[in-house]
2 protein chains.
Amino acid sequence: MNSLPSPSKSDAAFPFTVYEQQFKALADSQRLEILHHITAAGSVCVCDLTERMNLPQSKLSYHLKILLDASLIDREKHGTWNYYMLNDQALNHLLSEELCCLFRGK
Amino acid sequence: MNSLPSPSKSDAAFPFTVYEQQFKALADSQRLEILHHITAAGSVCVCDLTERMNLPQSKLSYHLKILLDASLIDREKHGTWNYYMLNDQALNHLLSEELCCLFRGK
DNA sequence: TTATTACATCAAAATAAATTGATATAATAA
DNA sequence: TTATTATATCAATTTATTTTGATGTAATAA
């Protein structure tokens, strides 16, 4: 489910690469808006987002892939549709409870 | 102390710009390493970091400015030295308690 | 005053990320 | 089978970020 290596705080030479990737994924207002939509809706397909955000499909697929690769969201295939939902575990590990309902679940 | 506007969760058109800036600041392994050093040391000057991280001074000033502009750290001038320290309030608002001691205080 | 230390800032070059429009694929419907 | 829908991916371009080396400045020391 989570393909990222799990970092250890005690490793002095820890290169922060996992956190770097996850913060990079969060470092874009369009992706934050995507996360916000997913947070509000529970799960969304690409077509939901193209309608709501008025962005081209290829752009959304690109940004969703970045969030997916960083394990901040998960994907489920149903027929022709791809549904995206929050990866609560990863988001709760990373973000404060005060960001609850903004771009992370409860 | 914190020059960033305070975002409101209830604003439907909220553009996430503050969070974008803060996550951008975190989205770089060198800056995470800087934060980690500051977390460990309490406060550091640029010369401490040039020694510990073996990076040119201008590069460190550049990255420190990005963290500073995002209000993730604060600066205090003492003579010729500039000391940098964590902005605990901003970091605690943003990051989970599990990241305590990695790049945020207690 | 001159020299030195600690640092910020600048402009140019290098690198990385985002955007666009096109094409490919897989599932379903006709 | 053919058409359609939903989506991923690709290559080219545009835009943003990072790096580098140089220069400027302010504080202190000689």
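Worth saying up front: this structure is predicted, and the values here are computed from it rather than measured. Each chain gets a letter, A, B and so on, in the order its sequence line appears, and its residues count up from 1.
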*Kindly say if B:S61 contacts the phosphate of C:dA8, meaning a side-chain N or O under 4.0 Å from OP1 or OP2.*
yes
_Within residues 41-60 of chain A, residues whose heavy atoms come under 4.0 Å of DNA chain D_ = A:C45, A:V46, A:C47, A:Q57, A:S58
*Could you tell me whether a side-chain N or O of A:S96 sits under 3.5 Å from a main-chain N or O of B:H93, the two making a donor and an acceptor?*
yes
*Expressed in angstrom and rounded to an integer, what is the separation of B:I73 atom CD1 from C:dA8 atom C1'?*
14 Å
*Quick one: is C:dA18 close enough that its OP1 or OP2 comes under 4.0 Å of any side-chain N or O from A:R31?*
yes
*If you pin A:D28 and A:K77 to their nearest nucleotides in DNA chain C, which one's is more 5'?*
A:D28
*Rounded off to whole Å, could you give me the NE2-to-P distance for the A:H78 and C:dA26 pair?*
19 Å
*Is there a donor-acceptor pair closer than 3.5 Å between any side-chain N or O of A:H36 and the backbone N or O of A:F103?*
no
*asked:* Expressed as a whole number of angstroms, how long is the span from A:I34:CD1 to C:dA18:P?
replied: 11 Å
*asked:* Is there a path of hydrophobic side-chain contacts, each under 4.5 Å between heavy atoms of I/L/V/M/F/W/Y residues, joining A:V46 to A:M85?
replied: no
*What's the CG-C1' distance between A:L64 and C:dT19, to the nearest Å?*
15 Å
*asked:* Please classify the nucleic acid contact of B:Y83 as base, sugar-phosphate, or nothing, using heavy-atom distances under 4.0 Å.
replied: nothing
_Looking at A:Q22 and A:A70, would you say the former's side chain and the latter's main chain have a donor-acceptor pair under 3.5 Å?_
yes
*A:N92 and side chain to side chain donor-acceptor pair (under 3.5 Å): which partner among A:K106, A:E97, A:R104?*
A:R104
*Quick one: label B:I66 by what it contacts on the DNA or RNA (base, sugar-phosphate, nothing), any heavy atom closer than 4.0 Å.*
sugar-phosphate
*Please figure out whether B:K24 or A:W81 has its closest DNA chain D nucleotide nearer the 5' end.*
A:W81
*For the residue pair A:S61 and A:Q57, confirm or rule out a side-chain donor-acceptor distance under 3.5 Å.*
yes
*Ion pair present between B:K65 and B:D69, side-chain N to carboxylate O less than 4.0 angstrom?*
yes
*Using a heavy-atom cut-off of 4.0 Å to chain A, what are the terminal contacting nucleotides of DNA chain D, in 5' to 3' order?*
D:dT5 to D:dT9
*Do side-chain atoms of A:N87 reach the backbone of A:D74 as a donor and acceptor pair under 3.5 angstrom?*
no
*asked:* By the definition side-chain contact (heavy atoms from CB on, under 4.5 Å), identify the one residue from A:R31, A:M53, A:E33 that meets it with A:H63.
replied: A:R31
